[in-house]
Amino acid sequence: MLETKYNHLEVERDKYDKWKDNGYFKCDPNSDKEPFTIILPPPNVTGKLHLGHAWDISLQDIVARYKRMDGYDVLWLPGTDHAAIATESKVVKKLKKEGINKYEIGRKKFLDACWDWTREYGGNIRKEWANMGCSLDYTYERFTLDEWSVNAVNKVFIDLFNKGLIYKGKRIINWDPEAKTALSNEEVNYKDIPGAFYHIKYFIEGTEDYLDVATTRPETLFGDTAVAVNPKDDRYKDLIGKKVIVPIVNRIVPIIGDEHADIEKGTGVVKITPAHDPNDFEVGNRHNLERIVIMDETAHMNEKTGKYNGYDRFECRENLVNELKEKDLLIRIEEITHSVGFSERTDAMVEPYLSEQWFVKMDKLCEDLIKVQGIKEEKVDFFPKRYNKTIIQKAKECYDWCISRQLWWGIRIPVWYKDDQIKASVKSPGEGWVQDKDVLDTWFSSALWPFSTLGWAMEDKTLFERYYPTNYLSTGYDILFFWVFRMMFQSYEYTNKMPFKDCFIHGLIRAKDGRKMSKSLGNGIEPIDMVNKYGADALRFYLTTSSAPGLDLRFDEDKLSSTWNFINKIWNASRYTLMNIGDINELDFNNLTFSDKWILTKFNNTVKQVRKNMEKYDFQNVGSELYDFIWSDFCDGYIEFSKFDINNSSTKSTLLYVLTGIIKMLHPFMPFVTEEIYQKLPIKDSESIMISNYPKYDKKLVFNDTIDLMESVRDYITKVRIAKKDNNIKKDCKYSFRCSEESKVENLICNMLKLTKENIAYQKEIDTFESISVDYDTKVFNANLKFFFEVSEDDKEKEKESLLKEKMVLESQISRREKLLSNQGYVNNAPKELVEEERNKLENEKRQLIVINNKLES
RNA sequence: GGAUUCUUAGCUCAGUUGGUUAGAGCAUCUGCCUUACAAGCAGGAGGUCGUAGGUUCGAGUCCCACAGAGUCCACCA
């Protein structure tokens, strides 16, 4: 028997390992079931699961468990990401604490340290998956540095290289001076920070005149190789072709005319530093300007900056500005707020830096993606739909992807050099060839993840052939461009298919006040704390049913706590059922009562709705449908009714049947507690709920004609309760009662209202006392209940008031409805059922009005 | 500048291709320890759906404008 109270700690202990050991998480490549594949977005191997992950993996486990129960051969494939820069920067930091420098110990030893780190922390993630109850198939667990992934990466890289879709180029890229590596545009976060426009005098050669050149980055003047004005700018156009002297360095550079100079902006004159600004780089290309690199890879000034050689860029700025002031070359400083890029990982200010990097040429890949997203059978369906637009938008304005990183932790670029020869291959082409030092962007391997993990680049392709393309991907909108977008074009290029059929995009978890959860704000919440406090089941249900698809979720512990209450409710409903059904071994529906038929009908309608919404991944609606059905209909309604028919074997069967269905539908959301309850059931269709059958709509157990009757009965019971309360009617008050639906509902109503036989009024009392009556009259059901007692003038007044109030409400409803039904536009255009329902209601309301009018007259 | 989301009860949020009197949780008020559950039960109160127009027999829902909040992309000498 179940304990009185739900104890999540007790319930969630041990179950996970049992499921795992029994092989329930495993797919079966030899099965004749239809495969259903979900690839887990691989978290950083040394990372920690935060609430966002908990949400994300719950959204996947729900689908995995649902599909498994519904007859699919489910593969949910786990894995982790080496997370090049994120892991490397952590290991660098750790070594630094021990006084070790990455470059001193060299590449090999450093990589050993990374592997040690990975092994040390890699297990944490797996523990957290287990805490959350994820039914992952560990047989096929992958890592982005294992051979499945590395083989695929090499294969794709070499092929793209041979096709000319990967090239090496000297370009301005985003440089992280702390990690000393290039970054892609996606890895740069822009923040608004205070800064200044420094207005500097650039003297025109051979004159006493100068141009006022405004810049936010005066230290880059060492790299200036021109000054640009707009050729349409009347103020300056005559100066084009003349020369100016770059202050401090005294370099003579041309004044050029270029559209890049904005007439409206600043002074209209802009200095051109081709090696340190992406726009200037373009200008430089157009005008054949020299590119002078003035910083090193740590963003310190180099020998080109004279006495500033070795200065940090900010230090240099400060000193240079002072020097300009002293030499009367600084006109003024204008304080502004401007947005500046920072490295996503190290938070270092990004330096636009001229260097040689590898790029993926994007135009063709993007064009293909856009084309496929226009083909109904081949496209990825986004949930919610609008993200398709976001992806297309991205593809339309895509720039080439910088994929080389000056890091060591990652997959090394499979390119070899000898003299001026260059070759792409995994192994050295021969004597004297040297491999490229750089590794690939971690997202390059992630982009191949949906097919690399399934063995696309391996000899054995059975998994790939059976489980690819995958069916469902769930992830947050924050990595739409990093990952989803790149998986789409890479998969299409190499498998000729989109990597997944459905893509569910969720939002971010926020703190209760709507701010982001972050370490710096100190408002982060650990999933494990919530699991300990309320259980994984409550956390999963809360997270997955509390927001509309694609929107952010404000984490509210109070709501999590009421989810716990909901589970406690389910627990107790199960407890009641198990206590009362005895040891039945067969379901018997031969002697169903009205209330049995009613709940069976409601249940089957719920199954229908739940399945429909599960297919749409609309878990919010599934959640509220289950919540309402379980709490309002099953617990508050049916269980109370069942207490009076509990010896009827059909009622027992109904209780068990509905409860079983409920916990099965809940199982994908709350796997632990539903398994606990399932194991206690006297009739089961499998040894574990995990492998039981998901409920199906059963027409044979639908009795639509009982719905109206039972809803009327419930409505009437409520009416009587209100009347009893309003008139302060005591338990032993004498009454008389009659109703239209034979003894079946009469008994039920009397029981529900605690109308006992000994309180039935005798004729004497009927004659002596006055009465308050509660009446009900509809097509399917009418009833009259009178309470006899010494009705005071006060009571009469009260009753009259409430009757008048009721009359007013009814009259306004009737007139509204009559107006509606006399509107030909409505009658002709609205759905027939709806109009019919309106007519029914009008009739019922009219009946009720007659009842009330009669009472008021008497 | 482009895209996009949001604005509904005191708070946090639902509200399906337009269709009765707009729902839930929490909070609040009243009455109940009724043997599944007081972490509960039975009831109550609380909303001119951001503002202003339009389409329609009918608008929280569709269209236009405006106001406010957020996010993404581009720009940012």
Side-chain angles (χ1 to χ4, degrees), chain A residues 2 4-6 185 190 192 195 197-198 213-217 220 227-228 260-262 265-273 277 279-280 283 336-341 384 386-387 389-390 393-394 397 399 477-478 480-481 507-508 510 512 514 542 545-548 550-556 558-559 561-580 612-613 616 618 620-621 623-624 627-628 631-632 635-636 639-640 643 717-718 721-722 724-726 728 754 809 812-813 816-817 820 823-831 833-835 837-838 841-842:
Chain A
L2 300 176
T4 338
K5 255 177 201 164
Y6 164 54
N185 294 16
Y190 286 87
D192 281 334
F197 266 137
Y198 299 89
V213 178
T215 177
T216 53
R217 307 199 51 203
T220 61
V227 161
H260 168 61
D262 189 334
K265 220 173 207 172
T267 56
V269 187
V270 54
K271 64 191 212 53
I272 302 297
T273 322
D277 181 282
N279 289 310
D280 293 5
V283 176
I336 55 158
T337 299
H338 61 158
S339 99
V340 176
R386 64 177 174 315
Y387 286 107
K389 211 171 166 184
T390 314
Q393 180 91 0
K394 171 78 179 176
E397 50 189 46
Y399 31 76
Y477 61 68
D478 53 327
L480 206 58
F481 298 150
L508 304 178
R510 295 181 175 278
K512 202 179 171 181
Y542 164 66
T545 63
S546 300
S547 77
L551 297 184
D552 290 350
L553 173 67
R554 289 191 190 201
F555 188 82
D556 184 345
D558 289 341
K559 284 194 180 181
S561 158
S562 37
T563 305
W564 188 98
N565 291 359
F566 176 46
I567 301 179
N568 187 50
K569 189 76 183 173
I570 297 159
W571 181 265
N572 272 291
S574 309
R575 195 163 165 266
Y576 168 83
T577 303
L578 292 168
M579 279 168 70
N580 286 291
K612 194 175 117 197
N613 286 316
K616 293 195 293 184
D618 190 345
Q620 162 128 27
N621 268 335
S624 58
Y627 189 98
D628 289 346
W631 206 309
S632 312
C635 294
D636 293 346
I639 284 186
E640 292 307 318
K643 287 176 180 171
I717 289 169
T718 300
R721 280 173 177 157
I722 294 169
K724 276 175 93 173
K725 197 173 177 181
D726 285 352
N728 195 22
K754 301 198 168 67
V809 172
S812 81
Q813 279 173 0
R816 191 181 48 78
R817 234 182 279 279
L820 185 66
N823 179 339
Q824 283 309 307
Y826 173 77
V827 177
N828 295 334
N829 296 314
E833 312 86 66
L834 212 70
V835 178
E837 217 181 308
E838 287 293 323
K841 279 180 178 154
L842 181 61

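Throughout, a chain's letter reflects where its sequence line sits, starting with A, and its residues are numbered from 1. Computed over heavy atoms, backbone and side chain alike; hydrogens, waters and symmetry mates excluded. None of the values given here were measured: they were computed from a predicted structure.
- Contact annotation for A/Y399: backbone-only contact, meaning every heavy-atom pair under 4.0 Å involves sugar-phosphate atoms and none involves a base.
- A heavy-atom distance below 4.5 Å is not found between the side chains of A/F481 and A/N185.
- With contacts defined as side-chain heavy-atom distances shorter than 4.5 Å, the pair A/T216/A/F197 qualifies.
- For A/W631, a side-chain nitrogen or oxygen approaches OP1 or OP2 of B/C41 to under 4.0 Å.
- A distance-only check finds no donor-acceptor pair linking the side chain of A/N568 to the backbone of A/W564 [under 3.5 Å].
- Taking atom CZ on A/R816 and atom P on B/G58, their separation rounds to 15 Å, with Å as the unit.
- Of all heavy-atom pairs between A/T267 and A/A214, the closest is OG1-N, 4.1 Å.
- Paired regions of RNA chain B, where each region holds three or more successive Watson-Crick or G-U pairs whose two hydrogen-bonding distances fall under 3.5 Å, are B:1-7 with B:67-73, B:10-13 with B:23-26, B:28-32 with B:40-44.
- For A/S339 against B/C76, a side-chain N or O and a base N or O form a donor-acceptor pair under 3.5 Å.
- Atom name C1', nucleotides B/G15 and B/U28: the rounded distance is 24 Å, in whole Å.
- Comparing A/N185 and A/W564, the nucleotide of RNA chain B nearest to each residue sits closer to the 5' end for A/W564.
- Within the 4.5 Å cutoff, the side chain of A/T563 has no heavy atoms near those of the A/Y627 side chain.
- Comparing the P positions of B/U16 and B/U71 gives a spacing of 26 Å, expressed to the nearest Å.
- Legend: residues meeting salt bridge (charged side-chain N to carboxylate O under 4.0 Å, His left out) with A/D558, ordered by chain and number and at least two apart, are A/K512.
- Not counting sequence neighbours, A/R575 has no partner by the side chain to side chain donor-acceptor pair (under 3.5 Å) test.
- Listed here is the closest heavy atom pair of A/C635 and A/K569: CB-CE, 3.7 Å.
- If you check every strand for non-hydrogen atoms under 4.0 Å, A/Y627 touches sugar and phosphate atoms only.
- Remark: side-chain polar atoms of A/D280 are paired, donor with acceptor, to backbone N or O of A/T273 under 3.5 angstrom.
- In terms of heavy-atom proximity, A/I639 sits nearest to A/A573 at CD1-CB, 3.8 Å.
- Residue contacts shown for A/D636 are limited to sugar-phosphate atoms, with no base heavy atom under 4.0 Å away.
- Look at the P atom in both B/G19 and B/C33: the space between them is 44 Å, to the nearest Å.
- Rounded to a whole angstrom, the distance from the C1' atom of B/U12 to that of B/U48 is 23 Å.
- Using a 4.5 Å heavy-atom cutoff, the side chains of A/K271 and A/T220 are in contact.
- Nearest heavy atoms, A/A261 versus A/V270: CB-CG1, 3.8 Å.
- Using P as the reference atom, B/U8 and B/A69 are 15 Å apart when rounded to the nearest Å.
- The main-chain N or O of A/F566 is never found under 3.5 Å from a side-chain atom of A/Y6 such that the two would form a donor-acceptor pair.
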Please write out each protein N/O paired with an N/O of nucleotides 55-57 of chain B under 3.5 Å, distance rounded to 0.1 Å.
unit_1: B/C57; atom_1: O2'; unit_2: A/N823; atom_2: ND2; d: 2.5

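- With C1' as the reference atom, B/C64 and B/A74 are 27 Å apart, rounded to whole Å.
- Taking atom P in both B/G44 and B/G50, one finds a spacing of 27 Å when rounded to whole Å.
- At a threshold of 4.0 angstrom between heavy atoms, the contacts of A/Y6 with the nucleic acid are absent.
- The residue A/D628 sits apart from the nucleic acid: no heavy atom pair falls under 4.0 Å.
- Residue-level contact check: A/A214 touches the backbone only, with heavy atoms under 4.0 Å from sugar-phosphate atoms and none from bases.
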Pairs: protein N or O with nucleotides 43-49 of chain B N or O, under 3.5 Å:
unit_1: B/G43; atom_1: OP1; unit_2: A/T718; atom_2: OG1; d: 2.9

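- Residues A/S339 and A/D192 share a closest heavy-atom pair of CB-OD1, 3.0 Å.
- The nearest heavy atom of RNA chain B to A/R510 and to A/V340 marks one nucleotide each, and the one closer to the 5' end goes with A/R510.
- In terms of polar N and O atoms assigned as donor or acceptor, the side chain of A/E640 comes within less than 3.5 Å of the base of B/A36 in a complementary pairing.
- Contact of the A/L480 side chain with the A/K394 side chain is not registered, since no non-hydrogen atoms from C-beta on lie closer than 4.5 Å.
- Distance noted for atom C1' between B/C6 and B/A14: 14 Å (whole Å).
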**Prompt:** What string of B, S and - do you get for nucleotides 12-18 of chain B, 5' to 3', when a contact is any protein heavy atom under 4.0 Å?
**Reply:** BSS-B--

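- You'll find that the side chain of A/N572 is closest to B/C37, out of B/A77, B/C37, B/A3.
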